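Let me begin by presenting the structure, written as structure tokens, before commenting on it.
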Amino acid sequence: MSTLPPCSQCQSSLTYEDGSGLYICPECGHEWPVQAESVAESDERVHRDAAGNVLQDGDSITVVKDLKLKGSGGVVKMGTKVKNIRLVDGDHDIDCKIDGFGAMSLKSEFVKKI
């Protein structure tokens, strides 16, 4: 037996699901979509490396391919180790410091967890 969420307006537990994908509260008449509940559960993004391992703040990683740096003309070589990463939201989802290059942002698809 499935458990339905209480009404977000009046907190009634008598809610039911109609056939068109809506929850309905018979006491106050409030209607809301069924998918809104599943979207709220998956708010947190999971960061994964090139091998599919889950990354967390403070992990150590290694670069899996040569990365050209814009502006300076340098290259971060494959196999470069990076300690104590910080995960952020955005296109480049890893903030870190690389010895010899300084602070930079990397994409998780070009690194592997150590």
Side-chain angles (χ1 to χ4, degrees):
M1 185 173 195
S2 67
T3 58
L4 298 174
C7 177
S8 60
Q9 298 282 321
C10 67
Q11 302 304 318
S12 171
S13 63
L14 300 176
T15 59
Y16 64 91
E17 182 178 353
D18 71 348
S20 65
L22 291 174
Y23 288 128
I24 299 175
C25 176
E27 291 186 6
C28 68
H30 178 65
E31 299 177 355
W32 68 98
V34 173
Q35 282 108 7
E37 180 181 320
S38 63
V39 170
E41 293 174 2
S42 63
D43 283 344
E44 191 171 322
R45 181 175 173 204
V46 176
H47 299 277
R48 297 189 181 270
D49 67 359
N53 299 317
V54 177
L55 294 172
Q56 297 177 345
D57 285 340
D59 282 344
S60 295
I61 57 172
T62 183
V63 178
V64 295
K65 71 176 258 182
D66 290 350
L67 301 174
K68 295 179 183 175
L69 301 179
K70 292 185 178 181
S72 68
V75 176
V76 176
K77 295 288 187 179
M78 179 175 66
T80 302
K81 294 180 183 176
V82 182
K83 298 177 186 176
N84 199 17
I85 64 169
R86 187 171 59 100
L87 300 174
V88 295
D89 289 331
D91 186 33
H92 291 74
D93 47 6
I94 298 173
D95 279 345
C96 60
K97 275 188 177 177
I98 299 178
D99 293 336
F101 295 100
M104 75 175 42
S105 296
L106 299 172
K107 291 186 177 184
S108 59
E109 62 195 61
F110 300 121
V111 301
K112 184 175 128 184
K113 186 175 180 178
I114 298 177

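Just so you know, these numbers come straight off a predicted model, no measurement behind them.
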Could you report the tightest heavy-atom contact between H30 and Q9, atom names first, then the distance? CG-CG, 3.2 Å
Counting only heavy atoms not in D99 (residues, nucleotides, ligands), do more than 12 fall under 6.0 Å from its CG? no
Quick one: closest heavy-atom pair of L22 and E31, and the distance? CD1-OE1, 3.8 Å
Starting from V63, can I reach F101 by hopping between I/L/V/M/F/W/Y residues whose side chains sit under 4.5 Å apart? yes
I61 vs D49 side-chain heavy atoms within contact, under 4.5 Å: no
C7 vs Y23, test: side-chain contact (heavy atoms from CB on, under 4.5 Å). Steps then yes/no. CA-CA 8 Å; C7 177; Y23 288 128; over 6 Å; no
The side chain to side chain contact (heavy atoms under 4.5 Å, CB included) partner of L106 among L67, D93, I85 is L67
For the NZ atom of K112 and the OG1 atom of T62, what is their distance to the nearest 0.5 Å? 7.5 Å
List in chain and number order the residues that pass side chain to side chain donor-acceptor pair (under 3.5 Å) with S13, two or more places apart in sequence or in another chain; answer none if no residue qualifies. none
With the 4.5 Å side-chain cut-off for hydrophobic clustering, are V111 and V64 part of the same group? no
Are L69 and F110 linked, directly or through intermediate hydrophobic residues, by side-chain heavy-atom contacts shorter than 4.5 Å (ILVMFWY only)? yes
Look up atom CE in M78 and atom NZ in K65, then write down how far apart they are to the nearest 0.5 Å. 11.0 Å
Euclidean distance, S20 OG relative to I24 CD1, rounded to 0.5 Å: 6.5 Å
Within this structure, what is the CG-CD1 distance for the pair D59 and I94, rounded to the nearest 0.5 Å? 9.0 Å
Taking all non-hydrogen atoms of both residues into account, name the closest pair between H47 and V88 and its distance. CE1-O, 3.5 Å
NZ of K107: more than 12 outside heavy atoms within 6.0 angstrom? yes
Ignoring hydrogens, what is the shortest heavy-atom contact between R45 and G90? Give both atom names and the distance. NH1-O, 3.6 Å
Hey, could you give me the CG/SG distance between L4 and C25, rounded to the nearest 0.5 Å? 11.5 Å
same_hphob_cluster(V82, I114) at 4.5 Å side-chain heavy-atom cutoff: no
Please round to the nearest 0.5 Å and tell me the distance separating atom CD1 of I98 and atom CE of M104. 4.5 Å
Smallest heavy-atom separation, L55 atom then L87 atom, equals O-CD1, 3.3 Å
Do D95 and S105 have side-chain N/O donor and acceptor atoms under 3.5 Å apart? yes
